Amino acid sequence: MSTEPETPTTLRHYASDLVALDFAGELRMAREVLAETDGENIHDHDAMIRSAVSLSMRLRTLTAAVEAGEDR
């Protein structure tokens, strides 16, 4: 068994295959994630990690939709 620390896997590694929808669809889904995460307990470490990952992944696809030049 190796004593070397494992190299952490970045979120970008998992998010690289995400496919953005049209702008309106991505905006709707971003609003849904915001609504889902708004009520999370700031003192619950696991809930904050889940929220951060959900929001980061949704922001990536929303940004991709905007950059793709979809109508606003």
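Keep in mind that this is a model prediction, so the values were computed, not measured.
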**Q** Enumerate, atom names and distances included, each donor-acceptor pair closer than 3.5 Å involving a side-chain atom of residues 32-43, sequence neighbours excluded.
**A**
unit_1 : atom_1 : unit_2 : atom_2 : d
E32    : OE2    : R28    : NH1    : 2.8
T37    : OG1    : V33    : O      : 2.9
T37    : OG1    : L34    : O      : 3.3
N41    : OD1    : H43    : N      : 2.8

**Q** What is the distance from atom CD of E26 to atom CZ of R31, rounded to the nearest 0.5 Å?
**A**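 So the CD of E26 and the CZ of R31 are separated by 12.5 Å.
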
**Q** Would you find a donor on one side and an acceptor on the other, under 3.5 Å apart, between the side chain of S56 and the backbone of A52?
**A**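 It does not hold such a pair.
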
**Q** For A30, check side-chain contact (heavy atoms from CB on, under 4.5 Å) against everything at least two apart and list the hits.
**A**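 Result, side-chain contact (heavy atoms from CB on, under 4.5 Å) vs A30: R58, L62.
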
**Q** Honestly curious: do V66 and L27 fall in one hydrophobic cluster under the side-chain, below-4.5 Å linking rule?
**A**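 V66 and L27: one cluster.
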
